[in-house]
Amino acid sequence: MSVTRRHLLATGAGLAVAAGVQQGVSAADLPLLGTYDVVVIGSGAAGMTAALTAAKQGLSVVVLEKAPTFGGSAARSGAGIWIPNNPVILAAGVPDTPAKAAAYLTAVVGPGVPAARRQSFLAHGPAMISFVLANSPLRFRWMEGYSDYYPELPGGLPNGRSIEPDQLDGNILGAELAHLNPPYLAVPAGLVVFSTDYKWLALSAVSVKGAAVAAECLARGTKAAVLGQKPLTMGQSLAAGLRKGLLDAGVPVRLNTPLTELYVESGTVTGAVTPGGLYRARRGVIVGSGGFEHNAAMRAQYQRQPIGTEWTVGAKENTGDGIRAGQHVGGDLALMDDAWWGPAIPLPDEPYFCLAERTLPGGLVVNAAGRRFVNEAAPYSDVVHTMYDRNPTDPDIPSWLVVDQNYRNRYLFKDVAPTFVLPDDWYSSGAAHKAWTVDALATSIGVPAAALRSTVDRFNSLALKGDDTDFGRGDSAYDHYYTDPSVLPNSCLAPLWLPPYYAFRLVPGDLGTKGGLVTDARARVLRPDGSVIPGLYAAGNASAAVMGSSYAGAGSTIGPAMTFGYIAARDIAGVL
């Protein structure tokens, strides 16, 4: 059987006209490549969780993946997962309750996200984790101490709710391991490192616990080597574990198979069109294809300037294909101006998402005027929101992270060990600057010398007192996660006093965009009038985030992505 492209366009015309989208015309045939109950677009955390859920409900499923690898941005990530009241944290004794979680999420997100969507996420998230534990080799660890991002709000937990994947042996995937999308930052050879280890590895030169954690990472790596294992952690473990679940469930993942359009019959989405032909869906299509962070035209259209595709660490294949296909058939869009922001250093090879480095004591961030403008230890999305909000009148893009040699002698910077020289190309590219005086550093980065000198003097006086009365750095429990507990009275604050001085260029980086198709509490895609597009679901960064413009805690991207993938599949199966 084959379906013509002209038939595809004709059957989708009603919805497309309603969306104000111009149709193209082609007489090329579309070979039928398969018929399944569910067609899933994308093999990231959202897509693979959705596919696994559908398969375990007895539905036939295929996953279509644009990239030559599986895992998407999830495989590249630290794979924190924010799910309140999940069985892992409850077993660890975390004092979470549904009431606390609801109060906290309401306070963080605000009224911009419908209460029904927030409640659906909270209600189904724990069951999703239990399902994944029962139907894949994945196991999870509580990220103890990694605070919710606003722990002072009602229901916030200073010790955190986030979990991460436990170590997994890549050998369980056999030949399929070669198709795993590589990590954003590779773990050093011979080590096995979890996300929660990085805060201590940064301190390994100055902290007994840091040195002990480094030794533990080496011991894990040595044990894995002796056993002939291929140890995976973080996003690599998450993606591999979900893929193994799909292998065991007999779910095919078609790599190098991008979505070009959605197939519509009588107002219902019933398939996905790829360059090779049509995959038909009897029950529904779930779009989990990621955001549009690598689509320059979409970023220019929807987001504030300056913006670009070179500052994101999202998977390079994320160009908004699923979002545009959903919009083409009438789907509404929201939060397109936003992203999972974080200050990034634009290094020559790729941007570096800057976490611990801007929080550790002995550093401050200044704008083009040479002045501080933000709490450097604040949640990373908030820092970039502030950069954009202030930039039109008081330029903050780029900003500069300024540190001294004392800082460099004590702390890991990206993967450069304390006291080690920074790579030459960091300097030649303009990402890093070095000078023997504050005034000379100011000249190098193009900010007023007197202003930078005054800012450093003011910051040093606050640091010595341990009280940042200007921006409140250290007031929140979250501020102290990536800091040095040996620094007193405030682990976030230390003066800059030892030359030479360094400055690192900071731009609005991101982990991916967070705007996309508007969905309801059942993950169904909605039209602008609020009506449901039959047969079409979305989850992950292809959908408008349940977090709205905020960020509840580590894993607020992946936790909801997996949960709404799970919800979508169960709704299709009729068991939600």
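Heavy atoms only: backbone and side chains are in, while hydrogens, waters and symmetry mates are out.
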(request) Supply the atom-to-atom distance Ser77 OG to Gln236 CD, rounded to the nearest 0.5 angstrom. (result) 9.0 Å
(message) Tell me whether Arg473 is salt-bridged to Glu376, with the criterion being a basic N under 4.0 Å from an acidic carboxylate O.
(response) yes
(request) Apply ring pair (Phe, Tyr, Trp, His ring centres under 6.0 Å) to the pair Trp341 and Tyr388, showing each step before the final yes or no. (result) CA-CA 11 Å; Trp341 301 114; Tyr388 273 122; 5.3 Å; yes
(request) List in chain and number order the residues that pass side chain to side chain donor-acceptor pair (under 3.5 Å) with Thr563, two or more places apart in sequence or in another chain; answer none if no residue qualifies. (result) none
(message) Between Glu261 and Val273 (side chain of the first, backbone of the second, donor and acceptor by atom type, cut-off under 3.5 Å), is there such a pair?
(response) no
(request) Please answer whether the main-chain N or O of Phe353 pairs with a side-chain N or O of Tyr184 as donor and acceptor at a distance below 3.5 Å. (result) yes
(request) Check side chain to side chain donor-acceptor pair (under 3.5 Å) between Asn375 and all other residues, then give those that pass, not counting sequence neighbours. (result) Asp479
(message) If only side-chain N and O atoms count, and only distance matters, is there a donor-acceptor pair under 3.5 Å linking Thr309 with Lys316?
(response) no
(message) Applying the side-chain hydrogen bond (donor to acceptor under 3.5 Å, both in side chains) criterion to Asp338, which one of Arg304, Gln303, His385 satisfies it?
(response) His385
(message) Regarding Asn318 and Ser73, do their side chains bring together a donor and an acceptor under 3.5 Å, going by distance alone?
(response) yes
(message) Determine whether a donor-acceptor pair (N or O, by modelled atom type, separation under 3.5 Å) exists between the side chain of Ser543 and the backbone of Thr519.
(response) no
(message) Once side chain to side chain donor-acceptor pair (under 3.5 Å) is applied, do any residues pair with Ser476, and if so which ones, sequence neighbours excluded?
(response) Glu152
(message) Parallel, tilted or perpendicular: which one describes the rings of Tyr149 and Tyr551, with boundaries at 30° and 60°?
(response) tilted
(message) Please enumerate all residues that pass ring pair (Phe, Tyr, Trp, His ring centres under 6.0 Å) together with His124, with sequence neighbours excluded.
(response) none
(message) Holding to salt bridge (charged side-chain N to carboxylate O under 4.0 Å, His left out), I want the full list of residues that pass it with Asp425, two or more places apart in sequence or in another chain.
(response) none
(request) For the pair Asp396 and Arg371, find out whether any cationic side-chain nitrogen is under 4.0 Å from an anionic carboxylate oxygen. (result) no
(message) Let me confirm one number: the CG-CD1 distance from Leu536 to Ile41, rounded to the nearest 0.5 Å.
(response) 9.5 Å
(message) So for atom CG, which belongs to Asp529, do other residues, nucleotides or ligands contribute more than 12 heavy atoms lying within a distance under 6.0 Å?
(response) yes
(request) Identify whether the distance between the nearest side-chain nitrogen and carboxylate oxygen of Arg117 and Asp520 falls below 4.0 Å. (result) no
(message) With no hydrogens and no angle check, just 3.5 Å: does a side-chain donor-acceptor pair link Tyr478 and Tyr146?
(response) no
(message) Do Thr312 and Arg299 make a side-chain contact, defined as non-hydrogen atoms from C-beta onward lying under 4.5 Å apart?
(response) yes
(message) Is a donor from one side chain sitting under 3.5 angstrom from an acceptor on the other, for Asp484 and Tyr407?
(response) no
(request) Apply the side-chain contact (heavy atoms from CB on, under 4.5 Å) test between Phe504 and each candidate in Val402, Leu401, Val365; give the one that qualifies. (result) Leu401
(request) Mark yes or no for whether Thr386, through its side chain, and Asp382, through its backbone, hold a donor-acceptor pair below 3.5 Å. (result) yes
(message) With a 4.5 Å cut-off on side-chain heavy atoms, are Pro183 and Leu185 touching?
(response) no
(message) Please enumerate all residues that pass side chain to side chain donor-acceptor pair (under 3.5 Å) together with Asp415, with sequence neighbours excluded.
(response) none
(message) Side chains of Arg161 and Tyr104, heavy atoms from C-beta outward: is any pair under 4.5 Å?
(response) yes
(request) Compare all side-chain heavy atoms of Asp510 with those of Val313 and state whether any distance is below 4.5 angstrom. (result) no
